[in-house]
Colleague: 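This structure is in C-alpha cells; I'll ask about it shortly.
Computed from a predicted structure; not experimentally measured. Order of the sequence lines sets the chain letters (A, B, ...), proteins ahead of strands, with each chain counted from 1.
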Amino acid sequence: MIDLNSLNPPQKEAVLHTEGPLLVLAGAGSGKTRVLTYRIAHLIENGVMPWHILAITFTNKAAREMLERVRKLAGEAAEDCWISTFHSCCARILRRDIEKLGYKRQFAIYDEDDKMSVIKSLCKEKALSEKEFPPKLIRSAISDAKNKMLSPEDWLREEGNSARTRAIFEVYQGYEHTLKANNALDFDDLILKTLELLAENPPVLEYYRDKFRYILVDEYQDTNLAQYELVRLLTGERHNLCVVGDDDQSIYGWRGADIRNILEFEKDFPDTHTIKLEQNYRSTGNILDAANQVIAHNEGRKEKELWTEAEAGEPITLYDALDERDEAAYIANMARRRQEMGTRPGEIAVLYRTNGQSRVIEEAFVRAGETYRVYGGLKFYDRKEVKDLIAYMRCLVNPDDDVSTRRIINEPKRSIGESTVERLANYAQANEMSLLSAALDYENAGLTARARTSVAMFAELMIDLTEVLYSGTPSEFLQAVLDRTGYLKQFTEVKNEENEARLENISELQGAVTEYEQQNPQGGVTDFLENVALVTDLDNMNETGGAITLMTLHSAKGLEFDCVFLAGMEETIFPISRAMFDDNQMEEERRLCYVGITRAKKKLFMTHARTRMLYNNRQANQISRFVSEIPTRLIQGGRAGGAMRIPPAAPGLKARQSYDRRPAANAGSLGIPGVQKGFGGGSAPAQPTQNLFSVGDRVMHRMFGPGTVMELAGTGNAQRARIKFDSGTERIFAVNAAPILKMRK
DNA sequence: GGTCTGCAGCTTTTT
DNA sequence: GCTGCAGACC
C-alpha cells in the first residue's frame, strides 16, 4: 500500500487526478519524479493493468530510474508498464509493424555520422560545393524540417523556391530515398514513421490506443512538434494524459523542442486541469534564491516562484581563476575539501557548457588522484574500431545498409579501392540492388580481373558470416567477425600504445555484447544494435558510486548532487558566443544556467577563468552575465585557502602547458565583492630558479592587457622586467610578484 | 590501390 | 591543438 501522506497537497492532487488531461508545472526539485512514480503506482494499486500505462521520459537514464522507483512502490507489476524514451518506444512499435510502411523489420537506425556520409555523397553526386553548402547545415536543415513534420516538398514551399533552397531540397529528397533504399531510419524518423504507421493503419492505432490507456510524459517542455502529435494521436478520445514539465527548464530548442507545447497545452486540451508544484525540496535557500534571480531575467515564462522551507545554507562560492588550469586545480582541490567534510564523491558534480572543457578538469583530477567519471563527450561507440565492427554487424543484419557496407568493404584493407566500389555502386544502382548484393554478384558487375578476385573473397567472407549470424549468438557472431576478417591483425602487428588501446576497446565491445546477451537472453544481433543506437553511452555506465561526475549542463538535467561546480562562467563560454545576438538563444542559455544552479542541493561553486585557451588561442573573457544576475549577498567572500599552484604536468599526463605561470599577488577585482582570487593571493612560493622571461616575450597583465618585455634586470626571484603594453603604457615589475602571464608566441 | 603529408576547419548542447 | 581530407607519391 503506497503512502500518499508523504506528498504535499498539490503533489497528492496530481497523483489522484487520474482521469482527463493533467498539466503539472513542476519547478526544479519540486518532486516531479516522485509525483510521476507515485501516480503510476497509484494507478496500478487502483486496478489499472500495468500494461495499460505508458510513461515517456527524455533519457534512458531517467527511464531506468523511474522504473526502479515504481518497482519499489508497486513491485513486479512495474515491469509490465512501458517506461521508456520516445525513441525506444517508437523503435519498439516499429519493429512490430514497420513492414506496413514498406520497410523491413531489421531496419537500421542511422546516427549523425551515417547521416553525414549519406548527405556528403549526395552533395558530391549533385556537384554541390561543400563551401557553399556545408553538409552540416544541410543536415540541420533536414532535421529541422523533420522536427516540424515537413516533407521535402513542404519544406521547399515554406522556405521559398530559390536556387539555394532548391539544392537543399534535392539533397533532402535524395536523403529520404537513400534511407528508404538502405532500409534505415534516422532518429527523427523513429518518431515520424511511427506517426505515419499509426495514422495510416487504423487497426494498429486502435491497438495502441487501447493498450495505452494512461499516458504520462516527463520533461514535456522538451518535446517537439512530432512528438507532441504522437502523444496526441495515442491519447485519442480518452484524454488520460498527464504531462509534467517546467518551461524554465526547456533547453532543447535547438533540437526542435517547442516550448509552445507546454505553454499552449491548456488550449489543446480544453478540459485540462493544471497543478503547479512550487515547493522545492532539493536545494538550500541561497541556491534557490540565486536560481530564481537568474531566471527572473527571462521574459515570456509562466509565472512561478520556487520556495523552500530549508534554511539558507552555505553561500555560493565564486572563484576567480587565472586561467583554465587554475580553475581546474581549484575544482579538484575543493572537491577534495568537500569530501574531507563528509560529502561522498558520488554526490559531487562538475558541470560545464561544452564537452571540450572537460579535458583540463580531468587532468587536474588525475593529478589530484581523484576518481571521476566523464559522461558524454567521445562516446565508446564512436571509436573507429568499434564502429567498424558494428558496421559488420549492421550490414549483415540489414544487407540493404550501403552506408555500413561501404564502411567495411575495404576494412581491413583487402584491395577493394575507391574505383572498384564505384563500379559496384553503379552496377547496384542500375539493377536496383544493394551494394552488398552487387558484391555478391561480382562476376557480372563489370570489374577488372584483379578487383574481381578481391571482391570474390569479400563475398565469400560475407556469406560465411551470414551463416554464423543465423546460427550463433551475438557474441559468437562478433568473434567470427574478428576471426574471419583478420581485423585484429592490423593492431597486433605493431605494438604501441594506440594499438593497445584499440584492442582494449574491442575487448570492451565483446564485453558489452556478452553482457547484453546475459541480460537479454532472447535478444539477437538486431536487438543489440538497437540498443547501441538508442541506449548509447552514459546509460550503460554503472551507478556513479564512488566517483565524481563530470558532464555537460545538458546531460545534468534531471539529476541532483549535494555539491555542484559550474565551471567556465564566462561570456562566450556560458552564455556561448553564438547566443550573444539572439534573444531567444540567450534565454535558452539562461534556462540552462537555471538548470545548472538547481542541480545543487547543499553547496554551489561557480568558477570562471580570466584567460582561457580556446581553439589554440588564449582569450580573456568577461565574467558571465549570469553571475552578475545573482545578488552579491548570496555570494561568498573569503579565500580559497590552500595554494592552488599546479606543479608542471607529469610527462605521462599529456597536459599541455602553453605558458609559464607565476603566482599572482594583489589580484585585481572584477567589481564583484568577495570574489576569491587566483592562487590564494600569492601565497604560493615562486618556484623556478631560472629566468622565466626574456626580452621580446609577449605577456599578459591583469590590468594592462597584452604587452612586450623590453628589458630585464636581475635573475630568479629578484628579476624585474620593463614591459611596454600595447596600450602604450610602460611599467617595471618584479616578475615573480606581478600578475603577469607569459604568452605563447 | 595504398600511404604519407600538409592544411583547413573546428566545438554547443543529445535521442 | 586535433581531425579529416585532398593531393602527391610509391
Colleague: Can you tell me the distance, in whole Å, between the CG atom of A:Asp113 and the C1' atom of B:dT15?
Modeller: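 In whole Å, B:dT15 C1' lies 15 Å from A:Asp113 CG.
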
Colleague: Side chains of A:Asp388 and A:Tyr487: donor-acceptor distance under 3.5 Å anywhere?
Modeller: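 Result is yes, a qualifying pair exists.
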
Colleague: Both A:Gln585 and A:Phe86 contact DNA chain B. Which one's nearest nucleotide lies toward the 5' end?
Modeller: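 Nearer the 5' end of the strand: A:Gln585.
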
Colleague: Using 4.0 Å as the upper bound for N to carboxylate O, is an ion pair formed by A:Glu385 and A:Arg407?
Modeller: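 No salt bridge links A:Arg407 with A:Glu385.
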
Colleague: Between B:dT11 atom C1' and A:Glu324 atom CD, what is the distance in whole Å?
Modeller: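 Value for this atom pair: 15 Å.
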
Colleague: Expressed in angstrom and rounded to an integer, what is the separation of A:Glu530 atom CD from B:dT15 atom C1'?
Modeller: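 Going from A:Glu530 (CD) to B:dT15 (C1'), I get 13 Å.
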
Colleague: Sort and list the pairs that fulfil salt bridge (Lys or Arg N to Asp or Glu O under 4.0 Å) and have at least one residue in residues 135-148 of chain A, not counting sequence neighbours.
Modeller: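 For residues 135-148 of chain A: A:Glu112-A:Arg139, A:Lys146-A:Glu176, A:Lys146-A:Asp186, A:Lys146-A:Asp189.
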
Colleague: Identify, with sequence neighbours excluded, every residue that meets side-chain hydrogen bond (donor to acceptor under 3.5 Å, both in side chains) alongside A:Tyr427.
Modeller: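 Once residues adjacent in sequence are excluded, the partners of A:Tyr427 under the side-chain hydrogen bond (donor to acceptor under 3.5 Å, both in side chains) criterion are A:Asp441.
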
Colleague: Would you say A:Asn60 places a side-chain N or O within less than 4.0 Å of OP1 or OP2 belonging to B:dT15?
Modeller: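 Looking at the OP1 and OP2 atoms of B:dT15, neither is under 4.0 Å from any side-chain N or O of A:Asn60.
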
Colleague: Output all residues satisfying side-chain hydrogen bond (donor to acceptor under 3.5 Å, both in side chains) with A:Ser624, sequence neighbours left out; order by chain, then residue number.
Modeller: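 Residues passing side-chain hydrogen bond (donor to acceptor under 3.5 Å, both in side chains) with A:Ser624: none at all.
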
Colleague: Using the P atom in both, what is the distance from B:dT13 to C:dG4, to the nearest Å?
Modeller: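 The answer is 16 Å between these two P atoms.
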
Colleague: Run the salt bridge (charged side-chain N to carboxylate O under 4.0 Å, His left out) test against A:Arg452 and tell me which residues pass, sequence neighbours left out.
Modeller: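 Salt bridge (charged side-chain N to carboxylate O under 4.0 Å, His left out) list for A:Arg452, sorted by chain: empty.
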
Colleague: What residues, two or more places apart in sequence or in another chain, satisfy side-chain hydrogen bond (donor to acceptor under 3.5 Å, both in side chains) together with A:Thr57?
Modeller: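 Testing A:Thr57 for side-chain hydrogen bond (donor to acceptor under 3.5 Å, both in side chains), a comparison that skips the adjacent residues, returns none.
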
Colleague: Could you tell me which residues satisfy salt bridge (charged side-chain N to carboxylate O under 4.0 Å, His left out) with A:Arg260, sequence neighbours excluded, listed by chain and number?
Modeller: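 Result, salt bridge (charged side-chain N to carboxylate O under 4.0 Å, His left out) vs A:Arg260: A:Asp258.
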
Colleague: Listed in order of residue number, which residues of residues 589-596 of chain A have a non-hydrogen atom at under 4.0 Å from DNA chain B?
Modeller: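 When residues 589-596 of chain A is checked for heavy atoms under 4.0 Å from DNA chain B, there are no hits whatsoever.
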
Colleague: So, is A:Thr552 close to the B:dT14 phosphate, meaning a side-chain N or O under 4.0 Å from OP1 or OP2?
Modeller: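 Answer yes for this pair, as a side-chain N or O of A:Thr552 is under 4.0 Å from OP1 or OP2.
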
Colleague: Using a cutoff of under 3.5 Å, can you pull out all pairs of nitrogen or oxygen atoms linking the protein to nucleotides 1-4 of chain B, with atom names and distances?
Modeller:
| unit_1 | atom_1 | unit_2 | atom_2 | d |
| --- | --- | --- | --- | --- |
| B:dG1 | OP1 | A:Thr420 | OG1 | 2.7 |
| B:dG1 | OP2 | A:Ser419 | OG | 2.4 |
| B:dG2 | OP1 | A:Ser415 | N | 3.0 |
| B:dG2 | OP2 | A:Asn410 | ND2 | 3.2 |

Colleague: Atom CZ of A:Phe58 and atom P of B:dT13: how far apart are they, to the nearest Å?
Modeller: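 After rounding, the gap between these two atoms is 15 Å.
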
Colleague: Look at all strands and tell whether A:Glu588 reaches a base, only sugar-phosphate, or nothing, counting heavy atoms closer than 4.0 Å.
Modeller: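 Nothing, no nucleic acid heavy atom in range.
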
Colleague: Rounded to the Å, how far apart are A:Ile573 CD1 and B:dT13 C1'?
Modeller: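 In whole Å, B:dT13 C1' lies 14 Å from A:Ile573 CD1.
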
Colleague: May I have the distance from A:His554 (atom NE2) to B:dT11 (atom C1'), rounded to whole angstrom?
Modeller: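 Value for this atom pair: 14 Å.
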
Colleague: Counting the atoms with a prime plus P, OP1 and OP2 as sugar-phosphate, which does A:Lys384 contact under 4.0 Å by heavy atoms, base, sugar-phosphate, or nothing?
Modeller: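 Touches nothing.
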
Colleague: From CD of A:Glu112 over to P of B:dT13, roughly how many Å is that when rounded to an integer?
Modeller: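 One finds 12 Å between P of B:dT13 and CD of A:Glu112, rounded.
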
Colleague: Does A:Arg612 have any salt bridge (charged side-chain N to carboxylate O under 4.0 Å, His left out) partners at least two apart in sequence or in another chain, and if so, which?
Modeller: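 Once residues adjacent in sequence are excluded, the partners of A:Arg612 under the salt bridge (charged side-chain N to carboxylate O under 4.0 Å, His left out) criterion are A:Glu327, A:Glu570.
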
Colleague: To the nearest angstrom, how far is A:Asp188 atom CG from B:dT15 atom P?
Modeller: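 Between P of B:dT15 and CG of A:Asp188: 14 Å.
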
Colleague: Mind checking ring pair (Phe, Tyr, Trp, His ring centres under 6.0 Å) for A:Phe58 and listing every partner two or more places apart, or none if nothing turns up?
Modeller: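 Applying ring pair (Phe, Tyr, Trp, His ring centres under 6.0 Å) to A:Phe58 gives A:Tyr252.
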
Colleague: Could you check whether A:Glu589 pairs with A:Arg625 (Lys NZ or Arg NE/NH1/NH2 to Asp/Glu carboxylate O, under 4.0 Å)?
Modeller: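 No, no charged N to carboxylate O under 4.0 Å.
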
Colleague: Stacking between A:Trp254 and B:dT13, defined as ring centres under 5.5 angstrom apart with planes under 30°, is that present or not?
Modeller: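 Check passed, A:Trp254 stacks on base of B:dT13.
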
Colleague: side-chain hydrogen bond (donor to acceptor under 3.5 Å, both in side chains) with A:Arg414: which residues, sequence neighbours excluded?
Modeller: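 In terms of side-chain hydrogen bond (donor to acceptor under 3.5 Å, both in side chains), with neighbours along the sequence ignored, A:Arg414 is linked to A:Tyr392.
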
Colleague: Taking the side chain of A:Arg578 as heavy atoms from C-beta outward, which of B:dT14, B:dT15, B:dT11 is closest to it?
Modeller: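 Output: B:dT11.
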
Colleague: Each nucleotide N or O in nucleotides 4-8 of chain C that has a protein N or O under 3.5 Å away: list the pair and distance.
Modeller:
| unit_1 | atom_1 | unit_2 | atom_2 | d |
| --- | --- | --- | --- | --- |
| C:dC5 | OP1 | A:Lys120 | NZ | 3.2 |

Colleague: Do the side-chain N or O atoms of A:Asn224 get closer than 4.0 angstrom to the phosphate oxygens (OP1, OP2) of B:dT15?
Modeller: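 No, no such contact exists.
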
